[in-house]
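No hydrogens, no waters, no symmetry mates; every other heavy atom, side chains included, goes into these values. In what follows, residues are counted from 1 in the order of the sequence shown.
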Amino acid sequence: MAAGGARHGLAAPRGEPGAHGGRFGRLFGALPRHDAGAEAVEALAAALVAAPDSRDNPSIPAGYTYLGQFIDHDITFDPVSQLARDNDPSVLADFRTPRFDLDSVYGTGPADQPYLYDWSGPRAVRGVKLLVGASPVRGGATIPDLPRNAQQRALIGDGRNDEHLIVAQLHLLYLRFHNRVVDDLLARGSRLDGADLLDEARRRVRWHHQWVILYDYLPRVAGRLMATQPRRHFTVADDPYIPVEFSAAAFRFGHSMVRERYQAKVRGITVPIVGPGERPGRHLGGFRRLPGTLQIDWERFFALPGRPPPQVSMGINERLSAPLRRLPPDGASLARLNLQRGRALGLPAGADVARAMGEEPLSETELKLGEHVRDRAAREALEQATPLWYYLLREAAARGAGGQHLGPVGGRIVAEVLNGLVDADPQSFRRQWPAWRPELAGPDGRFGMAELIAFTQGGPR
């Protein structure tokens, strides 16, 4: 669910291991491939480029847009497939594990990727804490940043988490969260050190992260009722996979939540998510050191206790903000890329998926294809075989409280996959300790992004 223009994330069907252990598959492999055709899909893509921006979504703070991107980068990565030809899912490889194990943060561990870890300090924490970098600011001071090489490229487990400054600072937040957990364990009298201390800290971080996904993020984007529904379609045991209906369609809903501009600091300027901005450097594009003026105050992205309301995401619908309609470097539209990806993977049509899930398909009025596509032949082709990505965005707008969350089909796909990946992971809290509750919860017993931020920054929980 990359925001800000990343082009990534798909792979192979069920039963076919990726090069690094990842598996991809289909939730609805028996459904036929109904394709509206290249010309009709291109007409829809062109129309979406011209569509106006959507309205604010007061139900979801802006930070959850990028938490979704961070989650996506932890479970999907396909650097080799091509949009220009049909992709045989059986030969595409996922370079991420289909588990919420934060391998995008921890990599393959300090023995294989020592440059991700901090080897200074007392012996007990050498190679246990994650390396945090520093970016120079005015007056000779520094601020925390991702560790970087001489060309300013981040030294992290997944380079996509450096593609813009919001997700980069979210990755940085997790580096610092891990290090605070290490400090907290030692402060509580833990006698662990070295590999044992790393294992315990990593377990705690992963379990708290899984809790955030299931009980903070998912209810917001899928709806609180859908987030806890029993799984009916994504049935996995110990051998999970990532359905392409999820990775190439349903979990790309976050693209519609991206704002054109954000305020990074409480008393700062608003700057565009991508692009040159009004002045050099005044944008949130990544692959560079963090400027002091764009260091994020997280209260602008998540609802923190006692702080003013944060800026919010955009509504979930088919309308993308202006920067995503002309992506650098070649000006491609993200809508076009998503639609082309769906065709290349042979995703089923939206109405077919709805019927397979026991839902009444969207009406012509709800699809709004007549509003976007004037050519009659193209419109009729799209009504017969609506691309799944577009269909689920329209479903959210029509049946998801006006785009405040996903609709019944999109919400169920996302909820079943996120829950199913945790259920299938033998190292997850649900498998290891079903009665577990977060040790770092706030006084009311809750743990979400607000509590994670407060703990990491050393404030009250």
Side-chain angles (χ1 to χ4, degrees), residues 2-9 19-22 66-67 69-80 94-97 99-123 125-137 141-183 194-195 197-199 201-202 205-206 209 264 274 281 283-292 294-296 298 452 456:
R7 309 176 192 179
H8 61 274
H20 294 256
Y66 299 97
L67 179 60
Q69 182 179 14
F70 184 77
I71 292 167
D72 176 65
H73 288 181
D74 190 40
I75 55 176
T76 66
F77 183 35
D78 164 32
V80 297
D94 183 21
F95 281 63
R96 284 282 168 263
T97 57
R99 296 175 178 174
F100 298 119
D101 56 6
L102 291 172
D103 62 340
S104 61
V105 172
Y106 292 111
T108 51
D112 290 339
Q113 295 180 298
Y115 54 87
L116 300 181
Y117 293 79
D118 189 347
W119 298 92
S120 65
R123 183 186 64 84
V125 298
R126 291 175 191 166
V128 173
K129 287 190 171 183
L130 292 161
L131 186 63
V132 173
S135 181
V137 293
T142 62
I143 57 174
D145 191 9
L146 296 176
R148 297 182 181 278
N149 64 17
Q151 296 179 342
Q152 300 191 30
R153 296 296 171 139
L155 303 175
I156 53 178
D158 191 323
R160 295 173 299 168
N161 283 352
D162 193 30
E163 62 193 15
H164 59 76
L165 294 180
I166 301 177
V167 75
Q169 290 182 77
L170 191 57
H171 190 112
L172 174 63
L173 179 68
Y174 269 79
L175 299 182
R176 300 178 70 189
F177 177 45
H178 168 87
N179 292 347
R180 278 280 288 136
V181 167
V182 172
D183 290 339
L197 180 58
L198 172 59
D199 286 346
R202 193 160 45 189
V205 169
R206 285 170 170 167
H209 176 59
V274 294
H283 61 87
L284 291 165
F287 305 116
R288 58 183 174 134
R289 293 190 183 96
L290 175 62
L294 297 179
Q295 185 181 25
I296 282 179
W298 286 115
L452 187 152
T456 303

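Atom CH2 of Trp298 sits about 10.0 Å away from atom CG of Leu452, to the nearest 0.5 Å. Remark: His178 NE2 to Tyr117 OH distance equals 7.0 Å, nearest 0.5 Å.
A side-chain contact (heavy atoms from CB on, under 4.5 Å) with Leu170 holds for exactly one of Leu173, Ile166, Leu172; it is Leu173. The only option from Arg153, Gln152, Arg148 that meets the side chain to side chain donor-acceptor pair (under 3.5 Å) definition with Asp162 turns out to be Arg148.
In this structure, a donor-acceptor pair under 3.5 Å is present between the side chains of His164 and Gln69.
When side chains are defined from C-beta on, Phe70 counts as touching Val105, because their heavy atoms get closer than 4.5 Å. Asp103 is not listed as a side-chain neighbour of Thr108, based on a closest heavy-atom distance of 4.5 Å or more. Leu146 has its side chain out of reach of Leu290: every pair of non-hydrogen atoms, C-beta onward, lies at least 4.5 Å apart. No side-chain heavy atom of Phe177 sits under 4.5 Å from any side-chain heavy atom of His209.
The two residues Asp101 and Thr97 make their nearest non-hydrogen contact at OD2-OG1, 2.8 Å. Closest approach of Arg126 to Gly121, counting heavy atoms only: NE-O, 2.8 Å. Closest of all the heavy-atom pairs between Leu294 and Leu165 is CD1-CD1, 3.7 Å.
For the pair Arg202 and Tyr106, the cation-pi criterion (under 6.0 Å, within 45° of the ring axis) is fulfilled.
In this structure Leu131 satisfies the side-chain contact (heavy atoms from CB on, under 4.5 Å) test together with Asp118, Pro147, sequence neighbours excluded.
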Practice task
Give the C-alpha distance, both sets of side-chain angles, the deciding distance and a yes or no for side-chain hydrogen bond (donor to acceptor under 3.5 Å, both in side chains) between His73 and Asp158.
Solution key: CA-CA 7 Å; His73 288 181; Asp158 191 323; 4.9 Å; no
